[in-house]
Structures are given as structure tokens and as C-alpha cells.
Amino acid sequence: RETRTQGSKTQYEVGYWYDAVGNRTKMNAVNVQPGTADSSTVALWHLDESAGTTDLQADAVKDASGNDHHGTPDNCEFGKDGRFHKAVGMDGSSSSEIAVPDHADLDQNLGAGDFAIDAWILMDGASSGERAIVAKWNEASNTTCSYILMVNASNQVEAKVHDGTSVVTVTSANTVGANWTHVAVQRSTAPSTSTSYLSLWLDGAKDAGANAEKPCNLTIQDTNTNLKLGHDEAGRPWCGLLDDVRISNDDRGNSIMTQIMREYSYNVRNQLTVSTCGASVDTYAYDLNGNQTRVETWVDGNTVSAALYS
């Protein structure tokens, strides 16, 4: 295993697998840098607050987007080891949550357009039932539901979008467990048909389940409901860790989503193989016996390193 860096920061970790005679058979590249705010970022909570963060302290959980959608924690444990830096722990109790005040950015301005909600999650192995990750959702009335991203009682990822009358629900075929997993829901518009589709993504790959993608042309309902991390208004408390939660007013696209985590498996005898992670492209050459003869690394179209092996 090795790390790739840019400046003083580790950008991603790379793991390699070899067969019995030393031929490389698989490479796994995993981003280890948290997300950064861009023009599509509505809110971004890194959840790196210190262990001494006080319950019910207004705006204690900072939004890194610059849009000031700060949150108020209740019964949360900060300073836990996270996927990136630190994470917040929640114990599955009815009072454990981070509440973010209602704002047009979080529902009305998303409207009928493309959007994405993503987060890194690690569930407590003993947790059960339905568990909310990000929710602007109060089932007391149809008029108080906007959207929810959650894990259901079967440990599948599930998302719902409501317009006040109708709801679209997508459910993953894959399940999540007690390991760090990147989960996302996004709505994307197909250019050829102008039809919007709601889809679920796990660890950078679109879930292939029959119910994981559905047409969704609903306008997200504008409600007065607060947005919550790790809870909703219907009693779906999160039990485990959350890290790097983000809401975007555009879809993140196949190329962005797949940079979260990539895995390659290949036969490496007498061929070139190429791997891509972010802006970095590595090219490997092998002889008939599977021995690596050359490797080149390109970043943003420029060769930054090359090595020839005899």
C-alpha cells in the first residue's frame, strides 16, 4: 500500500494485490481527502468539531460551503475517528441529532432541478430499524416532507422526494454495514429526453438494483421543517458515525461520483493498463511474463514521473 500526495496533503491511498509469482492482479485507489465546496455546494458539514462541543450550542456545527447553514447538536459525540479527520457519533436515541434551520437553499431553491446529497456513514453493528442520514422530513403531514436519505430496516440505502402530493422512493439492492461507506442520492436530467431520474450510489458506483433508479420530475416541496443530520421528525435516529455530509444544487455526475472510490482487476501479462484517480493517470507496461517494465504518472496532462524497469 502506498499514498499519493499533492503538496503536504495525502490525496488518496493505493493498495496492490499480487499472485503467487509476483504478478500484480488488482489495484484499489481510495480518496482520503474530504470534499471541498464548489459552485454547486449548498451545504457541506465536515463534522470535525472538537470533542468538547456543547449540546444545544447554536451554530456549533459549521457549514464549510460559505452559505452559513450551521447546525445545532444535541446528544452527539464529536471528535471520533472519521473517514476524514474527525466524525460525529450518534447513539440511536430520540434526542441525538444535528438540526439545521429551514432555508430556501435546502428545499425551495432545489425545486425541480438536479441535485445531490452525499455522506460518509459507518453504522453501529448493533443498530436496527430505519435510520436517517439527512432529512427534511416530517411525516405528520404531506405538507412537511421534502426529502430524506436513510438506511432502512434491511440495511439498504433508501431515499424519498416529496412534492406535497406524490413521493418517489428509490431503494438500493446493496446493503451497508459496519464499515465506512460513501452513500449518495442524486437527480440527473437525461439531455436526450429531458426526463429526470433519481438514483442511488454506493462507494462511487450507481446501484444496479431494479428500484435504485426511477423517473423523478417532482418539484421538491418547500416546507418549514428543519433539516436534520442523523434524525428526522418521524423517529428514525442514526446509530453510528457520520462524516463529510454535503448537499449540492446540481448532480455530481458519473465522473465525479466514481472518483470517490475505484477498483481495478486485470490480467497484466503483455499489455498496458491505465488507472485514473482524480487528476492523476498511471500507465503500467508488462512483459509476457507479467513483469512490470514501465510506469508513467500524468497529472492534468503532464508527465510528473516515469520509470523504466529492465
Side-chain angles (χ1 to χ4, degrees), residues 6-11 31-93 95-110 115-122 131-137 146-150 180-186 223-233 237-250 252 256 260:
Q6 181 175 345
S8 61
K9 294 183 177 180
T10 299
Q11 293 297 106
N31 276 336
V32 294
Q33 280 296 304
T36 55
D38 57 21
S39 60
S40 298
T41 304
V42 171
L44 172 60
W45 300 278
H46 289 308
L47 304 174
D48 287 336
E49 282 69 28
S50 66
T53 301
T54 305
D55 280 352
L56 302 179
Q57 179 183 340
D59 297 342
V61 179
K62 298 304 181 182
D63 168 23
S65 73
N67 295 321
D68 295 335
H69 298 306
H70 309 307
T72 299
D74 190 9
N75 195 21
C76 295
E77 186 177 0
F78 290 94
K80 307 289 287 185
D81 288 339
R83 180 64 183 83
F84 310 107
H85 310 307
K86 298 300 179 181
V88 62
M90 297 178 173
D91 64 7
S93 67
S95 62
S96 186
E97 65 181 28
I98 296 170
V100 179
D102 173 47
H103 191 282
D105 283 352
L106 305 175
D107 49 26
Q108 181 182 359
N109 293 349
L110 298 179
F115 73 91
I117 303 170
D118 67 293
W120 283 91
I121 65 171
L122 192 156
R131 290 139 289 176
I133 302 167
V134 181
K136 207 171 189 295
W137 194 264
S146 299
Y147 51 79
I148 184 171
L149 176 63
M150 67 182 208
W180 280 112
T181 305
H182 184 262
V183 298
V185 58
Q186 64 176 0
T223 71
N224 294 324
T225 305
N226 287 340
L227 182 140
K228 294 191 175 183
L229 308 184
H231 218 299
D232 69 347
E233 299 288 354
W238 182 255
C239 188
L241 302 180
L242 295 178
D243 200 358
D244 236 47
V245 180
R246 177 174 57 179
I247 298 176
S248 306
N249 61 14
D250 200 354
R252 285 289 162 183
I256 298 297
I260 298 296

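Starting from 1, each residue takes its place in the sequence as its number. Model, not experiment: these values are computed from the prediction.
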Answer yes or no: is there a side-chain heavy-atom contact under 4.5 Å between [X] and [Y]?
X: Val61; Y: Leu47; answer: yes
X: Trp180; Y: Asp243; answer: yes
X: Pro73; Y: Val88; answer: no
X: Val42; Y: Phe115; answer: no
X: Leu242; Y: Trp45; answer: no

- Task: Please answer whether the main-chain N or O of Asp74 pairs with a side-chain N or O of Glu97 as donor and acceptor at a distance below 3.5 Å.
- Result: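 Flag not set: sc Glu97 to bb Asp74 has no pair under 3.5 Å.
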- Should the pair Asp102-Lys136 be classified as a salt bridge under the 4.0 Å nitrogen-to-oxygen rule?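 Salt bridge: yes.
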- Message: Taking the basic N atoms (NZ, or NE/NH1/NH2) and the acidic carboxylate oxygens, is any pair closer than 4.0 Å for Arg252 and Asp38?
- Response: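 Yes.
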- Does a side chain donor of either Asn109 or Asn249 reach within less than 3.5 Å of an acceptor in the other side chain?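 No, Asn249 and Asn109 have no side-chain donor paired with an acceptor closer than 3.5 Å.
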- Between Thr223 and Ser146, does any side-chain donor sit less than 3.5 Å from a side-chain acceptor?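 Result is yes, a qualifying pair exists.
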Mind checking the [atom1]-[atom2] spacing from [X] to [Y]? Nearest 0.5 Å is all I need.
X: Thr181; Y: Ile121; atom1: OG1; atom2: CD1; value: 5.5 Å
X: Asp250; Y: Thr41; atom1: CG; atom2: OG1; value: 10.5 Å
X: Leu56; Y: Asn75; atom1: CG; atom2: CG; value: 9.5 Å
X: His103; Y: Asn67; atom1: NE2; atom2: CG; value: 8.0 Å
X: Asp55; Y: Phe78; atom1: CG; atom2: CZ; value: 8.0 Å
X: Asp48; Y: Asp244; atom1: CG; atom2: CG; value: 7.5 Å

Which atom pair, heavy atoms only, marks the closest approach of [X] to [Y]?
X: Ala58; Y: Thr72; value: CA-OG1, 3.4 Å
X: His70; Y: Val100; value: O-CG1, 3.8 Å
X: Ala87; Y: Leu241; value: CB-CB, 4.5 Å
X: Cys76; Y: Met90; value: SG-CE, 3.9 Å
X: Asp68; Y: Asp63; value: N-OD2, 3.4 Å
X: Ala37; Y: Leu44; value: N-CD2, 3.8 Å

- Evaluate whether atom NZ of Lys80 has more than 12 neighbouring non-hydrogen atoms of other residues, nucleotides or ligands under 6.0 angstrom away.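 Not buried by this count: 12 neighbours or fewer within 6.0 Å.
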- Message: ring-ring contact (aromatic ring centres under 6.0 Å, His included) for His46 and His85? Distances and angles first, verdict last.
- Response: CA-CA 9 Å; His46 289 308; His85 310 307; 8.0 Å; no
- Given side chain to side chain contact (heavy atoms under 4.5 Å, CB included), test Asp81 with Lys86 step by step and report yes or no. CA-CA 5 Å; Asp81 288 339; Lys86 298 300 179 181; 3.2 Å; yes
- Message: Determine whether Ile247 and Leu227 satisfy the following criterion, side chain to side chain contact (heavy atoms under 4.5 Å, CB included), listing intermediate values before the conclusion.
- Response: CA-CA 11 Å; Ile247 298 176; Leu227 182 140; 3.5 Å; yes
- Query: So Thr225 and Trp137, side chain to side chain contact (heavy atoms under 4.5 Å, CB included) or not? Walk me through it.
  - Reply: CA-CA 7 Å; Thr225 305; Trp137 194 264; over 6 Å; no
- Task: Carefully, step by step, assess Tyr147 and Val185 under the rule side chain to side chain contact (heavy atoms under 4.5 Å, CB included).
- Result: CA-CA 10 Å; Tyr147 51 79; Val185 58; over 6 Å; no
- Charged tip of Arg83 within 45° of Trp120 ring normal and under 6.0 Å: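 Ring-cation test returns yes.
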